[in-house]
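Values below: all heavy atoms of this structure, side chains included; hydrogens, waters and symmetry mates excluded. In what follows, chains carry the letters A, B, and so on, assigned in the order in which the sequence lines appear, proteins first and then strands, with residues in each chain numbered from 1. Since the structure is predicted, the reported quantities are computational estimates derived from the model, not experimental observations.
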2 protein chains.
Amino acid sequence: MKRDSRLSGVLHVLLHMAERNEPVTSDVLARAMDTNPVVIRRIMSGLRDQGYVRSEKGHGGGWSLARDLAAITLRDVYQALGQPSLFAVGNRTEAPGCLVEQAVNATLDRAFDEAEALLLSRLEDVTLARLSADFQRRLGDRRNRHRLETAHGS
Amino acid sequence: MKRDSRLSGVLHVLLHMAERNEPVTSDVLARAMDTNPVVIRRIMSGLRDQGYVRSEKGHGGGWSLARDLAAITLRDVYQALGQPSLFAVGNRTEAPGCLVEQAVNATLDRAFDEAEALLLSRLEDVTLARLSADFQRRLGDRRNRHRLETAHGS
DNA sequence: TTTCATGTAACTATCGATATTACATGAAGG
DNA sequence: CCTTCATGTAATATCGATAGTTACATGAAA
């Protein structure tokens, strides 16, 4: 089953937006996410409605962050996307008449509910600021590796 | 995103098979799961290969359980289905060159891995025997409710 | 040797999600 | 103003994954 990559993609573009100080157009973001500008607008509209980003029309327009990175958790972003269903596996029918199926559903539902609660709490623990810091650390690591390799090479 | 209901469906038919003492044909199972006999055979083939069920050809043939209900966990069934991916949400790309995306993926992967581990351990805790007992309890409940209602009505 | 059932390959249909097109709205530049 | 650039959004097209179907082979029982 194909996975919904909007969460991953949106986090990606949000962090890229944070690196810039000016609005970024849907066109630029679309290229970064390898998709269509209209798709970007559709996805970002939820974030705008929740007040996480701003959009401006006309010259110099585009998307920009409306809040501090530390004030946005991954769970916020997930919710702003409309809380797409997290699981690729589910019950055949809701509210079946068959008692066998009711028993099956009850057990599966409990297991999935627990997993969902854990997942959401993990997403809540992480802010965009932390993701950004993680990115900066990786950037430093790469630079160090590069310096060492260059020193070896010379 | 549409959910894969094979796990739910297979558990359903396995419990129905347990209620009978004779082989059940793919045709009958297909009607119970509201699908096609060929689909049943496809799905059950994994369970057969793992030794959980048997299939016989010819007159009086069909599917029957090869093990005790207490010896089959929901995780066993999940694995026999080929461990379909549990989550409907995932990373846009694996092994991206972009460091921003690497940071995003690393964080999401950790959260999803934890949730998956929890979910699998819950599935491992439940045997088909326990599901069957749950079903029997529901059957008793329904009978009791029905008796009470009948008494009220007369 | 006929009937019934599974095994499996190949093909088709369906359906949801993404991509695209088209046009409206509105802001900034000249 | 009016042209350009950008978003907003509805309508439509395209694509891919999965279930469903058809067809035929295998093999067991009557």
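A sub-4.0 Å separation between OP1 or OP2 of dT21(D) and a side-chain N or O of Asn36(B) is present. For dA19(C), one of the phosphate oxygens OP1 or OP2 lies less than 4.0 angstrom from a side-chain nitrogen or oxygen of Thr35(A). For dT7(D), the OP1/OP2 oxygens have a side-chain nitrogen or oxygen of Arg41(A) closer than 4.0 Å. Note on Ser26(B): a side-chain N or O is less than 4.0 Å away from OP1 or OP2 of dT6(C).
With Asp113(A) contributing its side chain and Arg110(A) its backbone, the two residues share no donor-acceptor pair below 3.5 Å. A donor-acceptor pair under 3.5 Å is formed between the side chain of Gln102(A) and the backbone N or O of Pro96(A). Using a distance-only test at 3.5 Å, with no hydrogens or angles considered, a donor-acceptor pair links the side chain of Thr25(B) to the main chain of Val28(B). At least one donor-acceptor pair under 3.5 Å links the side chain of Asp76(A) to the backbone N or O of Thr73(A). Side chain of Arg92(A) to main chain of Met33(B): a donor-acceptor pair is present (N/O by atom type, distance under 3.5 Å, no hydrogens or angles).
The 5' end of DNA chain C is approached more closely, in terms of each residue's nearest nucleotide, by Gly58(B) than by the other of Val38(B) and Gly58(B). Nearer to the 5' terminus of DNA chain C, by closest-nucleotide assignment, is the contact made by Trp63(B) (compared with the other of Trp63(B) and His59(A)).
Across all strands shown, Gly60(A) has no heavy atoms under 4.0 Å from either base or sugar-phosphate atoms. Counting non-hydrogen atoms under 4.0 angstrom, Ser45(B) reaches nothing in the nucleic acid. As judged by a 4.0 angstrom heavy-atom cut-off over every strand, Arg48(B) is placed among residues touching the sugar-phosphate backbone only.
You'll find a donor-acceptor pair under 3.5 Å spanning the side chain of Arg42(B) and the base of dG20(D), going by distance alone.
Under 4.0 Å is where a charged nitrogen must lie from a carboxylate oxygen, and between Asp134(B) and Arg137(B) at least one such pair does.
The interatomic distance linking Arg3(A) (CZ) with dA17(C) (P) rounds to 16 Å, in whole Å.
What you find for Leu65(B) and Arg54(B) is that their closest heavy atoms are O-NH2, 3.5 Å.
For the helix from dT1(C)-dA30(D) to dG30(C)-dC1(D), the angle separating the two terminal helix axes comes to 10°, with each axis derived from five pairs and the value rounded to 10°.
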